[in-house]
There are 2 protein chains.
Amino acid sequence: MNINGQHHRAVMWNVAHRCPRWINQRELPFNIQWRESDDPEVVALAIESMEVRGAPSIGAFAALGLALAWRKGEDAFHQYWLPRFRRTRPTAVNLFHACDNMEQAARNHEDMVAVAMAYADAEVQRNQAMGEHLAPRLAVGERRILTHCNAGWLAAVDWGTALSGIYQLQRQGETPKVWVDETRPRLQGARLTAWELLQEGVDCRLQADVAAAWMMACGQVDAIVTGADRIAANGDTANKIGTYALALAAKAHGIPFYIAAPRSTMDAHCPDGRSIPIEQRDEQEVTHAQGLDALGATHTLRIASLGVAANNPAFDVTPYDYITAIVCEDGEWLPER
Amino acid sequence: MNINGQHHRAVMWNVAHRCPRWINQRELPFNIQWRESDDPEVVALAIESMEVRGAPSIGAFAALGLALAWRKGEDAFHQYWLPRFRRTRPTAVNLFHACDNMEQAARNHEDMVAVAMAYADAEVQRNQAMGEHLAPRLAVGERRILTHCNAGWLAAVDWGTALSGIYQLQRQGETPKVWVDETRPRLQGARLTAWELLQEGVDCRLQADVAAAWMMACGQVDAIVTGADRIAANGDTANKIGTYALALAAKAHGIPFYIAAPRSTMDAHCPDGRSIPIEQRDEQEVTHAQGLDALGATHTLRIASLGVAANNPAFDVTPYDYITAIVCEDGEWLPER
């Protein structure tokens, strides 16, 4: 999608420099910082530190990183780099899917760069198809769509998952109005989704996450759509912490609640939500916040009382019963029942 | 309650200086700043800017401010100062209750300072009684109590409303473990409740507001208690934005959800929640955050993407059906049905 009117992808292979290129999402929206490295360790660290985040982007980026790691030799690739990348984040299954894919390609001695680039390209195709399936479902009421976290092109190489439907709706002239949950603690909504939507000219309003249920009670929300980090075989869905609270409120108010995710997010090995591991992240994400001062410099401030301990589960699990439909690249995805 | 082991009240009359004294809650927890003024306009501004916040503290503080305003003469008091104070905040009914009380005292030419001090004292007595009624209800399971916003002594002159029950539990040796919702956008949980609880030695964990529903799903919450800003005749309760989402989740998980509030919060003139006005506050509360840098100085940073508009309802309304019990100074309060 666009930054200042120019097309970009969140992660890609820079053919000229023979290495991955990515936008550092930690610096957004205040600095547009593109990074490149020919060191697979830098790529792995960029996943861990969330310079690159969002399940589909993580998967594609890990594939590009493993294409780099292939240069370290076949033994190092299998014994060190595959486990290294698999350890970077525990919840998003796309990561493991991409690693499995690259492992298979390595066993077959395929062109690893071509395989990784094809993996990223396929992700983009899937997102566009997903948006086309999603848009008619979002074209309800006054098109007031609520979303949580960032399931946009930053999270998904290009187009996005949940936001792909909103971008399609916008291009069809439906002028959606988007309620953007700020998404504490890391504020992906305030920092990334708001920025993405403004860059595409989509009408949006930012709000504290806890305002969502109240906006539903006030009749101000026509549909809700989020992405997913992992979907169990029975349809239970792990996504950013706060998704479950939204789904509870949507059910109470009879508002359709959609999950948008490619098939690479479905994990057939997870029978249900209880078997999805939930990442606990650093307490500092809750006790500190990063932002821009009046002079345009970025700082980190402590926002919580000194000495307080914090609980920081990064994801939650929404039971399938609370989900109106899971939309993937082929249309509605139905769990094994 | 205590700051560094010494007893304080959030608002009081300084007898020696013949004026109100208050702790500037905007500066907490990083600076402990006590303020005094003999200018009623400064008191009114301190309510508007939330230097003093929390429905019972606002009521007592307005009474102290009107005791000052009485010196401006009887005409000015009735024609200018009473309307001035009534305009400071729209949602908390205690404010109007205190203003009515001071208006009556003025009509009777009572000792206005004595009336205001008695009003604040009575608030403290009520809070202590409320805590005694609340504590046995919170002594359930493993005493893991979740609270939202700040319904502690800062909000309620002394003891607090919701936190009064937790402080009583702690003094009874029950060692509650408190989940503190950070309470976006103004972070009263992270800044005030966490600070209050740590000062009293209560075990607590801070979390993003949206983690609450997930902690309930994980079986980690035994009871929930919050304060209230206004309670309609039918029991519908206005409180900090986010309370409604908590109540929805509590109901879904069968977890008791208590409101703690003095009778001065009940508004017999409001038949139900729809007639409670909901304050919309400044967008900057959502787009900016205040905190402490590594050198110990406080700053305000922009945390949201530039140019994004924000929706900032300060309160929401929880229907009485979602409330297990409303506990006041006399025990359970029952609405007219």
Side-chain angles (χ1 to χ4, degrees), chain A residues 28-30 148 179-185 187 190-192 194-195 197-198 204-215 217 241-246 248-249 251-252 283 286-294 298-313 316-317, chain B residues 28-30 148 179-185 187 190-192 194-195 197-198 204-215 217 241-246 248-249 251-252 283 286-294 298-313 316-317:
Chain A
L28 285 175
F30 306 119
H148 191 72
W179 296 111
V180 179
D181 273 7
E182 62 177 0
T183 318
R184 285 283 294 155
L187 296 167
R191 297 171 66 97
L192 306 179
W195 178 80
L197 292 173
L198 291 171
C204 61
R205 289 283 178 293
L206 181 68
Q207 63 187 10
D209 304 316
V210 286
W214 179 238
M215 287 299 106
I241 188 80
T243 305
Y244 174 58
L246 272 184
L248 284 177
K251 185 114 180 171
E283 297 186 24
V286 179
T287 56
H288 289 67
Q290 203 195 4
L292 196 71
D293 70 16
T298 51
H299 298 279
T300 299
L301 296 180
R302 183 174 185 95
I303 55 172
S305 189
L306 292 161
V308 72
N311 171 40
N312 187 18
D316 58 29
V317 176
Chain B
L28 285 175
F30 306 119
H148 191 72
W179 296 110
V180 179
D181 273 7
E182 62 177 0
T183 319
R184 285 284 295 156
L187 296 167
R191 297 171 66 97
L192 305 179
W195 179 80
L197 292 172
L198 292 171
C204 61
R205 289 284 178 291
L206 182 67
Q207 63 187 8
D209 304 317
V210 286
W214 179 238
M215 287 298 107
I241 187 79
T243 305
Y244 174 58
L246 273 184
L248 284 178
K251 185 113 180 170
E283 296 186 26
V286 179
T287 56
H288 289 68
Q290 202 194 6
L292 197 71
D293 70 16
T298 52
H299 298 279
T300 299
L301 295 180
R302 181 172 187 95
I303 55 173
S305 189
L306 291 161
V308 71
N311 172 40
N312 187 18
D316 58 29
V317 176

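Every chain is numbered from 1, with letters handed out A, B, ... down the list of sequences.
Contacts between A:Leu292 and chain B at a heavy-atom distance below 4.5 Å involve backbone atoms as well as side-chain atoms. There is no contact between B:Asn312 and chain A, counting heavy-atom distances below 4.5 Å. For A:Ala252, the part lying under 4.5 angstrom from a heavy atom of chain B is the side chain only. B:Val317 touches chain A through backbone and side chain together, each having a heavy atom under 4.5 Å away. Proximity to chain A (any heavy atom under 4.5 Å) is shown, for B:Ala211, by both the backbone and the side chain. For B:Leu248, the part sitting under 4.5 Å from any heavy atom of chain A is the side chain, from C-beta outward, and nothing else. Residue B:Gln290 touches chain A through its backbone alone, counting heavy-atom pairs closer than 4.5 Å.
One distance of note links NE2 of A:His299 with OG1 of B:Thr300; it measures 12.0 Å at 0.5 Å rounding. Atom CZ of residue B:Arg302 and atom OG1 of residue A:Thr298 lie 14.5 Å apart, to the nearest 0.5 angstrom. Here the straight-line distance linking atom CZ of B:Arg184 with atom CD1 of A:Ile303 works out to 7.0 Å at 0.5 Å rounding.
Between A:Ala194 and B:Ser305, the closest heavy-atom pair is CB-CB, 4.1 Å. The two residues A:Leu301 and B:Gly291 have their closest heavy-atom pair at CD1-N, 3.5 Å. Of all non-hydrogen atoms in A:Ile241 and B:Val210, the two that sit nearest each other are O-CG2, 3.7 Å. When all heavy atoms are compared, the tightest approach of B:Leu306 to A:Leu198 is O-CD1, 3.6 Å.
Of all the listed residues (A:Ala249, A:Pro185, A:Ala208), the one sharing the greatest number of non-hydrogen pairs under 4.5 Å with chain B is A:Ala208. Of the listed residues (A:Glu283, A:His288, A:Met215), the greatest number of heavy-atom pairs within a distance under 4.5 Å of chain B belongs to A:Met215. When each of A:Ala309, A:Pro313, A:Ala213, A:Gly242 is checked for heavy-atom pairs under 4.5 Å with chain B, A:Ala309 comes out on top.
The aromatic rings of A:Tyr244 and B:Trp214 sit perpendicular to each other, their planes meeting at more than 60°, with 30° as the lower class boundary.
Applying the side-chain hydrogen bond (donor to acceptor under 3.5 Å, both in side chains) test to A:Arg205 and every residue at least two apart in sequence or in another chain returns A:Asp203. Looking at residues two or more places apart in sequence or on another chain, you find a side-chain hydrogen bond (donor to acceptor under 3.5 Å, both in side chains) between A:Asn311 and A:Gln280, B:Gln207.
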